[in-house]
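Chain naming here is simple, since letters A, B, ... match the order of the sequence lines and numbering starts at 1 in each.
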Amino acid sequence: MENDDDQKKSSPSVLGINTDQKKKGTGGEKKIRNPRFAFKTRSQVDILDDGYRWRKYGQKAVKNNTFPRSYYRCTHQGCNVKKQVQRLSRDDAIVVTTYEGKHTHPVQKTTDNFEQILNQMQIYLPTN
DNA sequence: CGCGTTTGACCGGCGC
DNA sequence: GCGCCGGTCAAACGCG
């Protein structure tokens, strides 16, 4: 078998993905940047339905925090938006939701409840 | 049946 | 040069 490479994993060849994750180019520079903004919400659950569908792709513990952080990604065609949810170690009742990227599709669910959540959430603009 | 979720393992970059 | 950390992906399973 060919094992040449047995190395496993690897290869994302077929995926072809892309996105732009990091790439450095030579200068080219893309115009697009990933807008990042975070929300501080007071909730007991990290799953806040903002009207979009999210798929969890990982969970890792954070330093300085006894609670783990959850990574979510938007499952829309052409919508490469990423979202991360983290709980404050000091206030387990506070949930911080960070959105990265911009949605290319409009929301059709508009959860009214979400509107109420906005009422409790505070906006955080990274020192960006 | 399809989708979403979970866990483990791997990779790259950086520091010293 | 090496080790460490963070971050992401893959596969498999269960549910409605």
Notebook entry, point to check: Tell me: CZ of A:Arg69 to C1' of C:dG7, nearest whole Å?
Noted result: 10 Å

Next item on the list: Please check the phosphate of C:dT8 (OP1 and OP2 only) for any side-chain N or O of A:Arg73 closer than 4.0 Å.
Entry: no

Nucleotide N/O to protein N/O under 3.5 Å, stretch nucleotides 4-6 of chain B:
residue, atom, partner, partner atom, Å
B:dT5, OP2, A:Trp54, O, 3.1
B:dT5, OP2, A:Lys56, N, 3.0
B:dT6, OP1, A:Lys56, NZ, 3.3
B:dT6, OP2, A:Lys56, NZ, 2.4

Item checked: A:Tyr52 side-chain N/O to A:His76 backbone N/O, donor-acceptor pair under 3.5 Å -> no

Notebook entry, point to check: Is it true that A:Phe37 and A:Val81 fall in one hydrophobic cluster, defined by side-chain heavy atoms closer than 4.5 Å?
Noted result: yes

Next item on the list: Could you tell me the separation between the CZ atom of A:Arg55 and the SG atom of A:Cys74, rounded to the nearest 0.5 Å?
Entry: 11.0 Å

Listed pairs, N/O of protein and of nucleotides 13-16 of chain C, under 3.5 Å:
none

Note to self: Testing the 3.5 Å rule here: is there a donor-acceptor pair between the side chains of A:Tyr71 and A:Arg69?
What the structure shows: yes

Next item on the list: Would you give the length of the straight line joining atom CG of A:Asn80 to atom CZ of A:Arg73, rounded to the nearest 0.5 angstrom?
Entry: 7.5 Å

Next item on the list: Indicate the atoms forming the closest heavy-atom contact of A:Cys79 with A:Lys102, along with that distance.
Entry: SG-O, 4.4 Å

Margin query: Do A:Ile123 and A:Ile94 sit in one hydrophobic cluster, given that two such residues count as connected whenever their side-chain heavy atoms are within less than 4.5 Å of each other, even indirectly?
Written below: no

Check: CD of A:Gln86 versus C1' of C:dG7: gap in Å, rounded?
Finding: 14 Å

Next item on the list: Round to a whole Å and report the spacing from CG of A:Asn80 to P of C:dT8.
Entry: 13 Å

Check: With sugar-phosphate meaning primed atoms plus P, OP1 and OP2, does A:Lys60 contact a base, only sugar-phosphate, or nothing at under 4.0 Å between heavy atoms?
Finding: base

Check: How close do A:Trp54 and A:Lys82 get, heavy atom to heavy atom, and via which atoms?
Finding: CZ3-C, 4.2 Å

